[in-house]
There are 2 protein chains.
Amino acid sequence: MSPMTAARSRFSPADRPQLGLRERKKIKTREAIRDATYALIKEQGYDATTIEQIADRAEVSPSTVFRYFPTKEDIVLTDEYDPLMVEELRARPADESWIDSLRHVIHMALDTMMAEDPEVVRMRAHLGIQIPAVRSRMVESMSETGRLIRESIAERTGLDPDSLEVRVYAMSLTGGLMEVYMHWAENDFRGELRDLVDRALDVLEHGLPTENP
Amino acid sequence: MSPMTAARSRFSPADRPQLGLRERKKIKTREAIRDATYALIKEQGYDATTIEQIADRAEVSPSTVFRYFPTKEDIVLTDEYDPLMVEELRARPADESWIDSLRHVIHMALDTMMAEDPEVVRMRAHLGIQIPAVRSRMVESMSETGRLIRESIAERTGLDPDSLEVRVYAMSLTGGLMEVYMHWAENDFRGELRDLVDRALDVLEHGLPTENP
DNA sequence: CATGAAATGAAAGTAACTCTCAAAATCTAG
DNA sequence: CTAGATTTTGAGAGTTACTTTCATTTCATG
């Protein structure tokens, strides 16, 4: 069994028999498309992999592929972790400084993803530095995470989440975190992503190390 | 004369007779393509404007359009300001704090662009929030600017420009600045971009206003 | 089982981008 | 000024992501 298939564990239809046959089939189709995509990209690279090939291997029609994922990049990047992060963020104690909350939530998300399928985490980062469209989609979803961060900041500081200051601050955080991910991939995944995130958050909180000695 | 054409002034072939006919024609073609694109987008919107229409109006073939600009977004976004910024950055006194240098360079770039063609500055921001591909290309070019910032930081602090810390810091700056631009566009271009940048740089330098009272 | 709703597949269409090659414009020598 | 080398352009055909439409199949429900 390839490590790719490990990702199925948590969301596989077998785990939720309460769903109707229709819903279970949809989940299976989603997984089939994603698995086919990962496998083909691994074999031939991203650009050489066409939607038609993906459809063939997943045993669906090309139209169905587009019904499940709006773009090719989304097949690679879409996951179901965002709701988990929201939930986890809400569960944090109200008096915790929000940057600690953030640190905690990111740790949790990373741990979950690395436990479930580290190869996919690496492949995504790798595609992120190689394929502009993928990187672009990554930035996009980081921005959505940025909105989360803004709400969290607003809740804890009383500032307006749509103010220039909060937006700039949140985006600087997400930009910095994005850069961690890219740095990790560009340096051949050396070091624990978790530790790199901590170093990044320190920079974001206190500035560059030697700046104010 | 439409405000669009004002952008020609500084780079128009008439200003540099030292160039051969070939080079002067190339500059003219570039401008023709860009002017046609801006005009068509203004008339019909971005998506409704095809490369074929652009080619027609610029009186070149579609192949030629792609020879001058790799993608449709590039027609809208590519400009010649980067070399100017590099030059300006080098000209700053060595003992100036690099964030002040940055502030100065951005002010200069903004002033130049707003003086030359404010409508284009606004149109780009507007397209940036509406068209994902354009926003993506904007982020891309901000990343290139980010590399500039890293070198500047490295020169002045002695840190490694490729270290995680410097990369994270630089990207947090560029991300924050990008957000200023988007915020300005989303709020109907209210306020001076210059002032917004100053507020953003304050946040990036000192954190959120009420954070450490 | 029958009826309605949802999911699928087939097919045709659009538009961005690529590649190739021949024609045209410009440059350079003599 | 002309001949030949070089560069730029246009025409055309091809690829592929993505859209839209519609008939068919598959599942849910009473």
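Order of the sequence lines fixes the chain letters, A, B, ..., with proteins taken first and strands second; residue numbering starts at 1 for each chain. No hydrogens, no waters, no symmetry mates; every other heavy atom, side chains included, goes into these values.
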Write down the distance between [atom1] ([X]) and [atom2] ([N]), rounded to a whole number of angstrom.
{"X": "A:Lys28", "N": "D:dC27", "atom1": "NZ", "atom2": "P", "result": "10 Å"}
{"X": "A:Arg24", "N": "D:dC27", "atom1": "CZ", "atom2": "P", "result": "11 Å"}
{"X": "A:Arg30", "N": "C:dA7", "atom1": "CZ", "atom2": "P", "result": "13 Å"}
{"X": "B:Ile33", "N": "C:dC17", "atom1": "CD1", "atom2": "P", "result": "14 Å"}
{"X": "B:Asp74", "N": "C:dT18", "atom1": "CG", "atom2": "P", "result": "11 Å"}
{"X": "B:Asp56", "N": "D:dG10", "atom1": "CG", "atom2": "C1'", "result": "13 Å"}

By side-chain contact (heavy atoms from CB on, under 4.5 Å), which residues pair with [X], not counting sequence neighbours?
{"X": "B:Ser152", "result": "B:Leu89, B:Trp98, B:Arg156"}
{"X": "A:Asp198", "result": "A:Arg103, A:His107"}
{"X": "B:Pro132", "result": "B:Arg135"}
{"X": "B:Glu88", "result": "B:His104, B:Val105, B:Met108"}

Once base and sugar-phosphate atoms are separated, protein heavy atoms under 4.0 Å mark nucleotides 15-21 of chain D, 5' to 3', with B, S and - as --SBB--
Side chain to side chain, B:Lys72 and B:Ile131, heavy atoms closer than 4.5 Å = no
Using only side-chain N and O atoms of A:Ser61, determine if any of them is under 4.0 Å from OP1 or OP2 of C:dA10.
-> no
Indicate whether OP1 or OP2 belonging to D:dT9 is found under 4.0 Å from a side-chain N or O atom of B:Tyr68.
-> yes
Name all residues meeting the salt bridge (Lys or Arg N to Asp or Glu O under 4.0 Å) criterion together with [X]; count only those two or more places apart in sequence or in a different chain, and write none if there are none.
{"X": "B:Glu165", "answer": "A:Arg199"}
{"X": "B:Arg190", "answer": "none"}
{"X": "A:Arg34", "answer": "A:Glu80"}
{"X": "B:Asp56", "answer": "none"}

Residues touching DNA chain C, which here means a heavy atom under 4.0 Å, drawn from residues 131-143 of chain B | none
Sequence neighbours excluded - side chain to side chain donor-acceptor pair (under 3.5 Å) pairs with any residue from residues 175-186 of chain B | A:Arg167-B:Glu179, A:Arg167-B:Glu186
Pick one: which of B:Glu23, B:Arg30, B:Arg24 meets side-chain contact (heavy atoms from CB on, under 4.5 Å) with B:Lys26?
-> B:Glu23
Identify the pairs formed between an N or O of the protein and an N or O of nucleotides 25-28 of chain C at a distance under 3.5 Å, and give each distance.
from   : atom 1 : to      : atom 2 : distance (Å)
C:dT26 : OP1    : B:Lys25 : NZ     : 2.4
C:dT26 : O2     : B:Arg22 : NH2    : 2.6
C:dC27 : OP1    : B:Leu21 : N      : 2.8
C:dC27 : OP1    : B:Arg22 : N      : 2.8

